[in-house]
Amino acid sequence: MGKTEIASALNSWYEREARDLPWRAEGASPWAILVSEFMLQQTQVERVLPRWVAWMERWPTPSALAAEEPGEAVRAWDRLGYPRRALWLHRAATEIATLHGDAVPADVDRLLALTGIGPYTARAVSVFAFGERHPVVDTNTRRVIARLVHGRAAAGMPSPRDLADMEALLPESDAEAAVFNAAAMELGAVVCTARSPRCDDCPVAAWCEWRGAGYPDNAPAKRPKQARFEGSDRQVRGRIMALLRRRPDPAPLADVLAAAAEGGVRDPGQPRRAHDSLVADGLVVELDGLVRLP
DNA sequence: AACTCGGGGCC
DNA sequence: GGCCCAGAGTT
């Protein structure tokens, strides 16, 4: 009953109201879109924008990035968080340059084979850069579907059913499907938000099962609680990465361990463990008591 | 299936 | 202080 109307209402809302983001512009290259998707993994649009602009200015093609040391990618990543993504993006660029003639592949399976690209990013690039027809499901879309279709306050754990749910709503034409995928994400990001949804501004409120049921507080399984950041290994790793981004030359290990402890640690062994884990991840290289980016 | 991995912003 | 965020890789 509502499928066509929902898509039509949501798509026209998107055409009217969507934020004007540079990777959505007409001339955005597949590489530009791929870079945006890497940066947007677990990171909000406002924080990504300036880093993305600088990145595309400096490395307009995969081969341009592949020609640089991976550490330069990590440095340019700045404080976007999860710096392994910078390393993986550099690797993906190298794979695209060498295996695909510097052209981002359009096919989901070939995208999935690239480092750092999983189920979400592969479909997002295939759909938004090449116009292929697939369901694209991120955390926003999962919440929109949970409310609109299932009448729940929040999404449960991620599952393969998410893709089937989205597929069931997807318009037939490739072009409309691509807009619908983007529109569902946009709706979740700016209207159907996790904390205080703005249902008065929602273009599909009339079809929303959760609204129809009177906004029951029926949230299913939550994701596991995130450990506190303060005093965590993540925080200590972050201190080390901040130091190495800042320093142009290799830093003595003693300086690195001191910086890791700055502001306090849970136990004396934490700086060393953090350093070792960074080395294991390939984010840090240690040679002769000197520490540097890869 | 559960863990790990940044950092910032908002309540 | 807890929760959330255009997820992915490892075990």
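All chains are named by letter (A, B, ...) in the order of the sequence lines, taking the proteins before the strands, and each is independently numbered beginning at 1.
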Discussion item. Distance check, P atoms only: C:dA8 and B:dG8, in whole angstrom units.
Written reply: 23 Å
Discussion item. What residues from residues 135-170 of chain A pass a heavy-atom cutoff of under 4.0 Å to DNA chain C?
Written reply: A:D138, A:T139, A:N140, A:R143
Worksheet item: Between CG of A:L10 and CG of A:L148, what distance do you get to the nearest 0.5 Å?
Response: 8.5 Å
Worksheet item: Which part of the nucleic acid, if any, lies within reach of A:A194 when heavy atoms closer than 4.0 Å are counted: base, sugar-phosphate only, or nothing?
Response: sugar-phosphate
Fill in: Pairwise distance CG(A:D107) to CZ(A:F130) - rounded to 0.5 angstrom
10.0 Å
Discussion item. Check whether A:S12 reaches the backbone of A:A9 with its side chain - one donor and one acceptor, N or O, closer than 3.5 Å.
Written reply: yes
Worksheet item: Side chain of A:R123, backbone of A:V137: donor and acceptor closer than 3.5 Å?
Response: no
Item to complete: Kindly say if A:Q41 contacts the phosphate of C:dG7, meaning a side-chain N or O under 4.0 Å from OP1 or OP2.
Response: no
Discussion item. Using OP1 and OP2 only, check whether a side-chain N or O of A:R234 sits under 4.0 Å from B:dT4.
Written reply: no
Worksheet item: Can you name the residues that form a salt bridge (Lys or Arg N to Asp or Glu O under 4.0 Å) with A:E262, not counting sequence neighbours?
Response: none
Worksheet, complete the sentence: Side-chain atoms of A:Q226 come closest, of C:dC4, C:dA6, C:dC3, to C:dC4
Practice prompt. Kindly say if A:R84 contacts the phosphate of C:dA8, meaning a side-chain N or O under 4.0 Å from OP1 or OP2.
Written response: no
Worksheet item: On a whole-Å scale, what distance lies between the C1' atoms belonging to C:dA6 and B:dC11?
Response: 23 Å
Item to complete: Examine distances only and state if a side-chain atom of A:H90 and a backbone atom of A:E72 form a donor-acceptor pair shorter than 3.5 Å.
Response: no
Worksheet item: Could you state the OH-P distance from A:Y120 to C:dA8, rounded to the nearest angstrom?
Response: 8 Å
Fill in: Nearest-angstrom distance from the residue atom OH of A:Y82 to C1' of C:dC4
11 Å
Worksheet item: Given the C1' atoms of C:dC5 and B:dC5, what is the spacing between them in whole Å?
Response: 14 Å
Worksheet item: Contact class for A:E46 vs. all strands (heavy atom < 4.0 Å): base, sugar-phosphate, or nothing?
Response: nothing
Discussion item. In this structure, how many angstroms lie between the P atom of B:dC5 and the CD atom of A:Q235, rounded?
Written reply: 13 Å
Discussion item. Mind checking if A:G81 touches a base, just sugar-phosphate, or nothing, with heavy atoms under 4.0 Å?
Written reply: base
Fill in: A:L87 CG - C:dG9 C1' separation (whole Å)
13 Å
Fill in: Exercise: identify the closest heavy-atom pair between A:M241 and A:P83
CG-CG, 4.3 Å
Practice prompt. Would you mind reading off the distance between A:W77 atom CH2 and B:dG7 atom P, rounded to a whole angstrom?
Written response: 12 Å
Worksheet item: Whole Å only: how far is the CH2 atom of A:W88 from the P atom of B:dT4?
Response: 15 Å
Discussion item. For a quick check of understanding: with a heavy-atom distance under 4.0 Å over all strands, which category does A:I117 fall into, base, sugar-phosphate or nothing?
Written reply: sugar-phosphate
Worksheet item: Applying the ring pair (Phe, Tyr, Trp, His ring centres under 6.0 Å) test to A:W23, which of A:F128, A:W52, A:W55 qualifies?
Response: A:W52
Response to the item:
Rounded to whole Å, OH of A:Y14 lies from P of C:dA6 at a distance of 14 Å
Discussion item. Distance criterion of 3.5 Å, no angle test: do you see the side chain of A:T43 paired donor-to-acceptor with the base of B:dG6?
Written reply: yes
Please write out each protein N/O paired with an N/O of nucleotides 9-11 of chain B under 3.5 Å, distance rounded to 0.1 Å.
unit_1, atom_1, unit_2, atom_2, d
B:dG9, N2, A:R195, NH2, 3.3

Worksheet item: Starting at the 5' end of DNA chain C and moving along, which residue's nearest nucleotide shows up first, A:R24 or A:L114?
Response: A:R24
Worksheet entry | Exercise: do A:Y120 and A:E37 side chains pair donor with acceptor under 3.5 Å | yes
Worksheet item: Distance-only, no hydrogens or angles: does the A:N181 side chain make a donor-acceptor pair with backbone N or O of A:H134 under 3.5 Å?
Response: yes
Response to the item:
Correct closest heavy-atom pair for A:V265 and A:R239 would be CG1-NH1, 4.0 Å
Worksheet item: Just checking A:T121: base, sugar-phosphate only, or nothing, at a heavy-atom cut-off of under 4.0 Å?
Response: sugar-phosphate
Item to complete: Grab the CZ-C1' distance between A:R85 and C:dG7 for me, whole Å please.
Response: 9 Å
Discussion item. Classify A:W23 by what it touches in the nucleic acid, base, sugar-phosphate, or nothing, heavy-atom distance under 4.0 Å.
Written reply: base
